[in-house]
There are 2 protein chains.
Amino acid sequence: MAEKDTRAQIVAAARKRFVHFGYGKTCMAEIAGDCGMSPGNLYRFFPGKLDIAEAIATADYENHLDHLRRQAARPGRRAGEKLHDFLFEGLRRTYNRQERDPRALELARVIAAERPAFSSWMMESERAIMVGVMEEAERSGEFDIADKDFTAELIQSATVKFRDPQLWSRLSLSRLERELDGVWKLLVEGLAPKPARARNQETA
Amino acid sequence: MAEKDTRAQIVAAARKRFVHFGYGKTCMAEIAGDCGMSPGNLYRFFPGKLDIAEAIATADYENHLDHLRRQAARPGRRAGEKLHDFLFEGLRRTYNRQERDPRALELARVIAAERPAFSSWMMESERAIMVGVMEEAERSGEFDIADKDFTAELIQSATVKFRDPQLWSRLSLSRLERELDGVWKLLVEGLAPKPARARNQETA
DNA sequence: TTTCTGAATAATCAACCGATCATTTAGTCT
DNA sequence: AGACTAAATGATCGGTTGATTATTCAGAAA
């Protein structure tokens, strides 16, 4: 049980350093020092520096996933709206995080580059939530999607631009929100016009 | 008139070097040497090295644009299909180009980084073509889109992943094609089911 | 024996320096 | 004068070296 505590202590010390100085600028000796132990001892708890970073990212992301799952489970909301919430939560989270602390970007970059499996896990976890929403929508008749997991992948492909916004564009949050709203509408309704039908006017 | 010829000669010499050795590995002196002139003389025809690269890229891209415009003007094809052609042409062009000559990627990267206006011009030119298709579709009743230019932007946003595919993913062409086909269907038809209606089964 | 330390090792990083190259310009040639 | 050259300039690049740091491990402390 002390094992778990020690790991938590290491992660906490590392998180503090990573946010304050960045991943590259904090060395194992400093983390160890903050925990009152020797550098070598860290390796009894983590295989390496990157694994400490991954532990931090995993914890943070699981937090986000919980939030998304709770949102997706909220009753009395249409699937289309849930998808909207889902996409916007993702955009706002990464945008604000990176706005508040530019070093978070460095961490994300390093993990994405060195641990492709981590990114896959994130994408997959999000797809699982979307599939759940689609299944519910199928029962209610709102959507009728044959291959739900593939469709979830397509939605991810179509919203790449909003996943790591400031990684590759310098658009403002409000501009990104306007665009994401438009893309969401397109995905739900399509370009082709539909005959009048019971479809509520969803607004952002 | 000799002025135009000299410019063309310089562009031709530079193109040869850029594809063979890459932008970074060819120097102005070499281009000048190939043209039988001194390095300094190049500056009477182009403001700088990057402008030669831009001239090459512009010529190539205008070629592509012509192709796209011809395709968009082809009669007897539905707007949805034209959009499909349009998106696939873009994907295949960049994919094949970069497959055939990895140095093309370097050139594209440099120009995109140093000449943001060039990228804007490309995006804008493509939107103009899409807007044309949408206008035609409006007349035929296939689509009915209020803000056509914004919608064209949205389509671009939703297909970012397929614009510079190997810039950020290592997916195979066939995988990318399958995804783009799915995204296209989603954009045209939407997630929400439609009552039966005269809509042909468009196939890639 | 188990837990931990701290020195040893090897990989990576950063500052430096000479070389290369884009760009300018003084001057040559026609 | 107008067209061009080639030397001059300053910025950038690539390679080297010393220092920092991740990781290992032989052994000390418990």
Side-chain angles (χ1 to χ4, degrees), chain A residues 1-57 103 105-107 109-115 118, chain B residues 1-57 102-103 105-115 118:
Chain A
M1 197 40 56
E3 156 108 17
K4 270 280 148 61
D5 289 350
T6 310
R7 282 179 59 99
Q9 182 193 17
I10 293 170
V11 167
R15 164 177 274 129
K16 214 169 286 180
R17 292 260 174 196
F18 288 168
V19 262
H20 202 66
F21 304 105
Y23 177 80
K25 288 291 181 200
T26 87
C27 65
M28 291 297 264
E30 291 167 333
I31 299 170
D34 294 349
C35 296
M37 59 175 71
S38 70
N41 200 33
L42 292 175
Y43 291 85
R44 296 205 316 114
F45 300 92
F46 291 95
K49 188 182 179 185
L50 199 51
D51 300 274
I52 302 178
E54 209 183 288
I56 295 173
R103 309 192 179 283
L105 189 113
E106 184 199 0
L107 226 169
R109 239 187 230 285
V110 173
I111 294 178
E114 309 288 325
R115 294 274 205 272
F118 184 81
Chain B
M1 196 39 59
E3 155 109 18
K4 268 280 148 60
D5 289 348
T6 311
R7 281 179 60 100
Q9 182 193 16
I10 292 171
V11 167
R15 165 177 275 130
K16 215 170 284 182
R17 293 260 173 197
F18 288 168
V19 271
H20 202 69
F21 303 106
Y23 178 81
K25 288 292 182 200
T26 88
C27 67
M28 292 297 265
E30 292 167 332
I31 299 172
D34 293 348
C35 297
M37 59 176 69
S38 71
N41 199 34
L42 292 175
Y43 291 84
R44 297 204 314 114
F45 299 91
F46 290 96
K49 187 182 178 185
L50 200 51
D51 299 274
I52 302 179
E54 209 182 289
I56 295 172
R103 308 190 183 283
L105 189 116
E106 183 199 0
L107 225 170
R109 239 189 229 285
V110 172
I111 293 178
E114 308 290 325
R115 295 274 205 272
F118 185 81

Give the rounded distance in Å between these two atoms: [atom1] of [X] and [atom2] of [N].
X: B:Glu114; N: D:dT12; atom1: CD; atom2: P; result: 10 Å
X: A:Phe46; N: D:dT24; atom1: CZ; atom2: P; result: 15 Å
X: B:Lys25; N: C:dT20; atom1: NZ; atom2: P; result: 12 Å
X: B:Leu50; N: C:dC21; atom1: CG; atom2: P; result: 18 Å
X: A:Ile31; N: D:dT23; atom1: CD1; atom2: C1'; result: 13 Å
X: A:Tyr23; N: C:dT12; atom1: OH; atom2: C1'; result: 12 Å

**Message:** Working to the nearest 0.5 angstrom, can you tell me the gap between B:Ile31 CD1 and B:Gln9 CD?
**Reply:** 12.0 Å
**Message:** Applying a 4.0 Å non-hydrogen cut-off, can you work out what B:Gly24 is touching in the nucleic acid: base, sugar-phosphate, or nothing?
**Reply:** nothing
**Asked** According to a strict under-4.0 Å criterion, is A:Lys49 in side-chain N/O contact with OP1 or OP2 of C:dA11?
**Response** no
**Asked** Are the charged groups of B:Asp34 and B:Lys16 less than 4.0 angstrom apart, N to O?
**Response** no
**Message:** What's the closest nucleotide to the side chain of A:Tyr43 if the choices are C:dA14, D:dT23, D:dT5?
**Reply:** D:dT23
**Message:** By nearest atom, which of the nucleotides C:dT23, D:dT5, D:dT21 is closest to the B:Met37 side chain?
**Reply:** D:dT5
**Message:** Quick check: closest heavy atoms across A:Thr26 and A:Lys49, and the distance to 0.1 Å?
**Reply:** O-NZ, 2.9 Å
**Complete:** Walking DNA chain D from its 5' end, the first of A:Met28 and A:Asn41 to be reached, judged by nearest nucleotide, is A:Met28
**Request:** May I ask you to check if A:Arg103 and A:Phe18 form a cation-pi contact, with NZ or CZ under 6.0 angstrom from the six-membered ring centre and within 45° of the axis?
**Result:** no
